[in-house]
Amino acid sequence: MDKKVILSGIQATGNLTLGNYLGALSNWVEMQDEYNCYYMIADLHTLTIRNEPDALRKHTLELIALYIAAGLDPDKNTIFIQSHVPAHTELSWILNCYTYMGELSRMTQFKDKASKHADNINSGLFTYPVLMASDILLYNADLVPVGEDQRQHLELTRDIAQRFNSIYGDTFTVPDAYIAKVGAKIMGLQNPTAKMSKSSQDPMDIILLTDSPEDIRKKFKKAVTDSENCVRYDKENKPGVSNLMGIYGMIKKKTMEEIEEEFSGQGYGAFKTAVAEAVVERLEPIQAKYYSLLEDTEKLKQIYEKGDKKAEERASKMISEVYKKVGLVV
Ligand code: TRP
């Protein structure tokens with residue numbers, strides 16, 4: 001039986017955090033044997049905000065290095081750069097013609113980003129979910145691992161796929177969201193009621209995947225907790241401690257009860273040290289591999305060229321089918 005197809009991507013904005021790793025990359029690694037996985041660098045999506053051209057190029061290569069360093073095997077997964085496969089933008093145009101302004105206007109991420117970048121509310125920002133739908137539908141992805149913030153885009157993808165299929169007959173697989181078995185959303189260390197975000201203004205709020213062990217220790221030491229001094233999971237009333245427990249649990253593969261047990265009778269000091277050490281221990285080998293890959297630009301190029309080619313083969317078949325269905329001469 002054919003493996004189910006998974007597709008996901010991360011934008012090349014640089015500065016990935018522990019949240020990106022635990023929330024996305026580490027789950028992807030777990031799926032690479034069971035599924036036929038396509039993991040792309042969503043560089044075209046990154047253009048919806050302004051970037052320094054050199055920085056975007058650099059971030060794209062860094063992200064590929066990080067995919068590999070985090071444990072994605074380029075022989076098992078198709079790792080590629082979105083802009084290297086023209087079918088993404090080609091399908092995106094077609095699907096734009098099957099997506100309503102009203103639907104796009106309802107996207108909460110658009111409203112949110114438009115308010116944050118009031119000086120650059122470009123049409124790409126508006127039609128961004130259609131490009132994302134194209135990424136997914138081109139490969140007949142069955143499952144799409146996404147965070148909460150992308151759920152609405154996935155719903156829209158399903159609607160577009162169903163609409164197209166009902167007009168032209170079965171063409172696209174209607175994808176489902178893939179919800180990781182474990183996977184608490186990682187919150188900020190200083191503001192544990194908001195997602196740990198690379199755009200946070202406060203460097204103490206986030207753990208970057210490239211933070212040094214000293215910085216990681218320092219940041220966990222200063223993480224906001226509460227005055228109870230008891231390691232107990234209670235997301236409502238103890239968001240800081242619960243977030244640290246979530247991080248520890250994901251790394252150590254422990255349940256919240258097991259963590260409460262492990263630290264019963266111990267204060268926050270010992271607990272925070274343990275969380276910091278778990279994170280350092282997990283990130284150190286990833287960082288070592290990441291930095292050595294960054295030096296080896298030839299190797300990185302080989303990796304994405306191989307992925308680009310595999311992605312291109314599959315995507316170009318889909319785009320010709322779509323062109324034919326809508327009535328273009330092919
Ligand atoms: N829009 C996603 C984000 O900003 C990234 C992305 C682009 C994506 N294309 C995708 C995620 C396809 C899943 C599937 O996080």
Scan the side chains in residues 323-330 for donor-acceptor partners under 3.5 Å anywhere in the protein, sequence neighbours excluded, and list what turns up.
residue	atom	partner	partner atom	Å
K325	NZ	D170	O	3.0
K325	NZ	T171	OG1	2.9
K325	NZ	E321	OE2	3.3

| query | Does the ring center of H88 lie less than 6.0 Å from the ring center of Y139? | reply | yes
| message | Please say yes or no: joined through hydrophobic side-chain contacts below 4.5 Å, possibly via intermediate residues, are Y39 and L44 part of one cluster? | response | no
| query | Is there a side-chain contact between E228 and Y268, using heavy atoms and a 4.5 Å cut-off? | reply | yes
| Given side chains that start at C-beta, do those of L131 and Q82 come closer than 4.5 Å, heavy atoms only? | yes
| Charged N to carboxylate O below 4.0 Å: is that the case for D205 and K219? | no
| request: Check for a donor-acceptor pair, side chain of S92 on one end and backbone N or O of S134 on the other, with a separation under 3.5 Å. | output: no
| Counting only N and O atoms by type, is there a donor-acceptor contact under 3.5 Å from the side chain of K238 to the main-chain atoms of D226? | no
| query | Any donor-acceptor pair under 3.5 Å linking the side chain of S242 with the backbone of D234? | reply | yes
| request: Using the six-membered ring wherever Trp is involved, compare the ring planes of F80 and Y38 and label them parallel, tilted or perpendicular (cut-offs 30° and 60°). | output: perpendicular
| field | Nearest-0.5 Å distance that lies between atom OG1 in T60 and atom CD in Q11 | value | 10.5 Å
| query | Backbone N or O of E258 within a donor-acceptor pair of the T255 side chain at under 3.5 Å? | reply | yes
| query | With a 4.5 Å limit on heavy-atom distance, are the side chains of H59 and N51 in contact? | reply | no
| Ignoring hydrogens and geometry, is there a side-chain-to-backbone donor-acceptor pair from Q32 to G71 under 3.5 Å? | yes
| Pair Q109-Q150, side chain to side chain contact (heavy atoms under 4.5 Å, CB included): steps then yes or no | CA-CA 8 Å; Q109 193 175 68; Q150 298 297 324; 3.3 Å; yes
| field | Pairwise side-chain contact, I6 with N77, heavy-atom cut-off 4.5 Å (strictly under) | value | no
| Hey, are the side chains of N20 and L25 touching, using non-hydrogen atoms and a 4.5 Å cut-off? | no
| message | Between P129 and L104, is there a side-chain heavy-atom distance shorter than 4.5 Å? | response | yes
| task | Would you check, one step at a time, whether the test side chain to side chain contact (heavy atoms under 4.5 Å, CB included) holds for E305 with K309? | result | CA-CA 6 Å; E305 282 184 340; K309 190 158 166 276; over 6 Å; no
| query | Are the side chain of D211 and the backbone of L208 linked by a donor-acceptor contact shorter than 3.5 Å? | reply | yes
| task | May I ask you to test the Y233-E260 pair for a side-chain heavy-atom distance under 4.5 Å? | result | yes
| said: Closer than 3.5 angstrom, by distance alone: can the side chain of N120 be matched with the main-chain N or O of I49 as a donor-acceptor pair? | reply: no
| task | Before accepting this row, confirm whether a basic side-chain N of the pair K253/E30 lies closer than 4.0 Å to the acidic partner's carboxylate O. | result | yes
| query | Should L189 and F263 be counted in the same cluster of Ile, Leu, Val, Met, Phe, Trp and Tyr side chains packed under 4.5 Å apart? | reply | yes
| field | Under 3.5 Å: donor-acceptor pair, side chain of T173, backbone of P175 | value | no
| message | Regarding R57 and D43, does a basic nitrogen lie under 4.0 Å from an acidic carboxylate oxygen? | response | no
| task | For D176 and D142, run side chain to side chain contact (heavy atoms under 4.5 Å, CB included): C-alpha distance rounded to whole Å, both residues' side-chain angles, the deciding distance at 0.1 Å, then the answer. | result | CA-CA 6 Å; D176 284 307; D142 298 288; over 6 Å; no
| task | State, with a plain yes or no, whether a side-chain heavy atom of I206 is found less than 4.5 Å away from one of L18. | result | no
| message | Under 4.0 Å between a side-chain nitrogen and a carboxylate oxygen: does that hold for E103 and R163? | response | yes
| said: Quiz question: by atom type and distance under 3.5 Å, do the side chains of N191 and T193 form a donor-acceptor pair? | reply: yes
| task | Inspect the surroundings of NZ in K198 and state if more than 12 heavy atoms from other residues, nucleotides or ligands are less than 6.0 Å away. | result | yes
| said: Closer than 4.0 angstrom, basic N to acidic O: yes or no for R151 and E148? | reply: yes
| Heavy atoms from other residues, nucleotides or ligands near CD of E313 exceed 12 (cutoff 6.0 Å) | yes
| request: Give a yes or no on whether the backbone of K113 and the side-chain of H117 come within a donor-acceptor separation of less than 3.5 Å. | output: no
